Amino acid sequence: MRGVSSFRTTIVRAVRGALAGLLAGFAALAVAELVAGLLRPAAGPVTVVGGAVIDRTPAAVKDFAIRTFGENDKVVLRLGILLVLALFAVALGVLALRYRRAGAAGVLVFGLVGAAAALSRPDSEGAADVLPSLAGTLAGAAVLYVLAGKATPAGSPSGVEGTGGGWSRRGFLTAATATAVAATGAGALGRALSGQRGRGALASRDRLALPAPASPAPPVPSGAQLKVPGIGAFTTSNRDFYRVDTALVVPKVDADAWRLRVHGKGVARPRSYTLDQLLARPLIERDITLACVSNEVGGPYVGNARWLGVPLTGLLSECGVMPPSKGGRADQLVARSVDGMTLGSPVEDVMDGRDAMLAVGMNGEPLPFDHGFPVRMLVPGLYGYVSACKWITDIELTTFDAYDPYWVKRAWARRAPIKTQSRIDTPKPFARPAVGTVVIAGVAWAQHRGITRVEVRVDDGPWQEADLAAQDSLDTWRQWSHRWQATPGGHTLSVRATDGTGAVQTEQRARTIPDGASGWHSVFVTVP
């Protein structure tokens, strides 16, 4: 019986140690969030460590995360960080039962990791960014030291630290409850302060009235949207538009304080612009389809919207920039975001006459924060990672030889024109359509080249030309449909497109890395 009692005591102590560690971790994060709310929310330890993890994750792993978790990849990352922290907190709590100082010191190590991550971020504002991590871990270390003493019985075996404290069940629970309440209050206050800091940005967006475009987009042709159940909308709503970026926390930028700097090689007249100055310029309105380079064949990371913005060519010309074909010294435009992201675009493509713009509006309203408010860049015909900088704040003209932007450093291609692609929206994979007429339909895109033909194949039969919806512009996707006389059995449906240059979509499969996926999209269906 003595052995059973000793085992029970050991288990109870271990549970209390684990709880002490978890509470210490909770307190550390809560205090860190409070200090970050007072200073700069983006300097919070989970945010900076998560950003550091993203920066150091191999491109193939990032691509896997996007394929597997979609737009929830950042949520999964945050949960993963919290889970790792919780496991280490439990381990440190159990360690602190015997070695209180060692357990507390272990918490401090995590503070140093957070501080180092804060300083390594491209948007770091200096030494002040380490304060949330350091303050949080000091609080966590103190909590663990105290709770471990409460969880260690008086008269504990030789070599166990904290023998002078002793514990009672009531004493430990009282200390643990007080810690939980205080940490919850600190965390709530920190979140409130962070939210308060974002209210100015929210108010600036609410006040923003977009001017009418000097060059409005023509109406979308009535035949651009097919009346086929299951096919996506020609114009993607702001709510449904895909979001793929590296920001763990969406930047909330105050439009009144926002500035855009244009400078660098070949910029004869460097300038800085406010949002009001951009809005005072003649604006263009265009329907443009954007696509993410991480979009798999048949994937969802492509969308079409009506954008309002400042023509980028005119802005650059005003600063004295010329494309390389006209003697310009820079062949790469590097766009920087407020969170430190860098994207590199070919100057020649930006200034070749296409509707490259600094967008301020999306589908008739100011840009949503998720999509780059107050200003984002986009260049039709280029994948987003080389053209569509959100929350843009800086444009530097340089050369491809002189500078590698964020994604190029991670094995993606320097230049990335969008590949000709097509997708079957209906029927869905593994659908069970009835015998008879089945409408196969979807979308195809080849931005800045347009789609001139779409063909559908059933199993290994001949390619049959599909009916094309009306074309809006060369920069938007195009819907298509084909009426198939379905027969019983399993069938593979495939699609391919031809772009405006006469190039047929390749059958050759390629992964998304380094310059976008290729291949024909196919779905398998069973006709009962």
Side-chain angles (χ1 to χ4, degrees), residues 67 223-234 236 242 289-304 381 383 417-434 436-487 489-512 515-527:
R67 290 198 313 271
Q225 174 69 59
L226 297 179
K227 297 179 180 179
V228 177
I231 198 170
F234 176 80
T236 311
Y242 76 91
T289 297
L290 299 187
C292 179
V293 74
S294 293
N295 198 41
E296 295 282 348
V297 173
Y301 302 128
V302 57
N304 184 62
Y383 282 116
I418 292 174
K419 297 179 179 179
T420 301
Q421 291 282 289
S422 55
R423 184 181 74 197
I424 298 172
D425 286 346
T426 183
K428 299 295 184 185
F430 308 112
R432 297 176 64 84
T437 303
V438 174
V439 178
I440 307 170
V443 290
W445 60 91
Q447 290 91 310
H448 205 54
R449 302 184 303 278
I451 295 295
T452 58
R453 188 181 189 188
V454 172
E455 298 167 284
V456 175
R457 185 176 69 180
V458 179
D459 300 322
D460 293 323
W463 287 101
Q464 303 176 62
E465 190 162 352
D467 295 322
L468 292 177
Q471 179 172 274
D472 183 8
S473 78
L474 297 181
D475 292 332
T476 64
W477 57 13
R478 195 170 187 181
Q479 296 188 349
W480 56 269
S481 66
H482 175 71
R483 298 173 69 85
W484 167 48
Q485 296 302 313
T487 57
H491 300 282
T492 298
L493 312 177
S494 304
V495 63
R496 70 181 184 186
T498 301
D499 67 26
T501 70
V504 180
Q505 179 181 347
T506 180
E507 178 185 11
Q508 184 175 357
R509 281 277 174 174
R511 55 186 301 195
T512 56
D515 60 355
S518 67
W520 297 335
H521 185 218
S522 299
V523 299
F524 181 80
V525 300
T526 300
V527 180

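What you are looking at is a predicted structure, and each value in this text was computed from that prediction instead of being measured.
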Visitor: For T498 and T452, indicate whether the former's side chain and the latter's backbone hold a donor-acceptor pair under 3.5 Å.
Guide: no

Visitor: Under a 4.5 Å cut-off applied to non-hydrogen side-chain atoms, are V495 and W520 in contact?
Guide: no

Visitor: Give a yes or no answer on whether the side chain of Q479 reaches the backbone of L226 with a donor-acceptor pair at less than 3.5 Å.
Guide: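 Indeed, once roles are kept as given, a pair shorter than 3.5 Å links the two residues.
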
Visitor: Quick one: are I451 and W477 in side-chain contact, heavy atoms under 4.5 Å?
Guide: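 They are not in side-chain contact.
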
Visitor: Please tell me whether E296 and T512 have a donor and an acceptor in their side chains that are separated by less than 3.5 angstrom.
Guide: no

Visitor: Sequence neighbours left out, what passes side chain to side chain contact (heavy atoms under 4.5 Å, CB included) with R432? Give chain and number order.
Guide: T526, P528

Visitor: Could you walk me through whether T487 and V527 pass the side chain to side chain contact (heavy atoms under 4.5 Å, CB included) check?
Guide: CA-CA 7 Å; T487 57; V527 180; over 6 Å; no

Visitor: Contact between V458 and W463 at the side-chain level, heavy atoms closer than 4.5 Å - yes or no?
Guide: no

Visitor: Mind checking whether Y242 and C292 have side chains closer than 4.5 Å, heavy atoms only?
Guide: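 Side-chain contact under 4.5 Å: yes.
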
Visitor: Side-chain polar contacts of residues 436-449 - donor-acceptor pairs under 3.5 angstrom, sequence neighbours left out - could you list them?
Guide:
from : atom 1 : to   : atom 2 : distance (Å)
T437 : OG1    : Q485 : OE1    : 3.3
T437 : OG1    : Q485 : NE2    : 2.8
Q447 : NE2    : T289 : O      : 2.9
H448 : ND1    : D475 : OD1    : 3.3
R449 : NE     : D499 : OD2    : 3.0
R449 : NH1    : I418 : O      : 3.1
R449 : NH2    : I418 : O      : 2.9
R449 : NH2    : T420 : OG1    : 3.0

Visitor: Can we say D459 and R457 salt-bridge, meaning some charged N sits less than 4.0 Å from an Asp/Glu carboxylate O?
Guide: no

Visitor: Please give me the minimum heavy-atom distance between V293 and G516, naming the atom from each residue.
Guide: CG2-N, 3.4 Å

Visitor: Does anything in residues 515-525 form a salt bridge (charged side-chain N to carboxylate O under 4.0 Å, His left out)? List the pairs, not counting sequence neighbours.
Guide: K419-D515

Visitor: With sequence neighbours left out, write down each residue that passes ring-ring contact (aromatic ring centres under 6.0 Å, His included) with H521, or none if nothing qualifies.
Guide: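 Applying ring-ring contact (aromatic ring centres under 6.0 Å, His included) to H521 gives none.
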
Visitor: Output the distance between atom CZ (R509) and atom CZ (R511), rounded to the nearest 0.5 Å.
Guide: 14.0 Å

Visitor: Quick one: side chain to side chain donor-acceptor pair (under 3.5 Å) partners of D460, sequence neighbours excluded?
Guide: none

Visitor: Could you tell me which non-hydrogen atom of L493 sits nearest to which non-hydrogen atom of P427, and how far apart they are?
Guide: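 Closest approach of L493 to P427, heavy atoms only: CD1-CG, 3.8 Å.
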
Visitor: Could you tell me the separation between the CD atom of Q421 and the OG atom of S518, rounded to the nearest 0.5 Å?
Guide: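 Q421 atom CD to S518 atom OG measures 7.0 Å (nearest 0.5 Å).
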
Visitor: Please identify each residue that fulfils side chain to side chain contact (heavy atoms under 4.5 Å, CB included) with A470, with sequence neighbours left out.
Guide: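 For A470 the side chain to side chain contact (heavy atoms under 4.5 Å, CB included) partners, ignoring immediate neighbours, are P221.
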
Visitor: Any side-chain heavy-atom pair from D467 and H482 closer than 4.5 angstrom?
Guide: no

Visitor: What residues, two or more places apart in sequence or in another chain, satisfy side chain to side chain contact (heavy atoms under 4.5 Å, CB included) together with Q471?
Guide: L474, R478

Visitor: Search all heavy atoms of D425 against all heavy atoms of G232 and return the closest pair with its distance.
Guide: OD2-N, 3.4 Å

Visitor: Checking T426 side chain against K428 main chain: does a donor-acceptor pair fall under 3.5 Å?
Guide: no

Visitor: Could you give the distance from CZ (R496) to OG (S422), rounded to the nearest 0.5 Å?
Guide: 10.0 Å

Visitor: Do W480 and V228 have side-chain heavy atoms sitting under 4.5 Å apart?
Guide: no

Visitor: State, with a plain yes or no, whether a side-chain heavy atom of N295 is found less than 4.5 Å away from one of Y383.
Guide: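 With C-beta onward as the side chain, the pair stays apart.
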
Visitor: Residues in salt bridge (Lys or Arg N to Asp or Glu O under 4.0 Å) with R453, at least two apart?
Guide: E455, E465

Visitor: Quick one: does N304's side chain get under 4.5 Å of F234's, heavy atoms only?
Guide: yes

Visitor: Of all residues at least two apart in sequence or in a different chain, which pass the side chain to side chain donor-acceptor pair (under 3.5 Å) check with S522?
Guide: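 Per chain and number, S522 pairs via side chain to side chain donor-acceptor pair (under 3.5 Å) with S494.
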
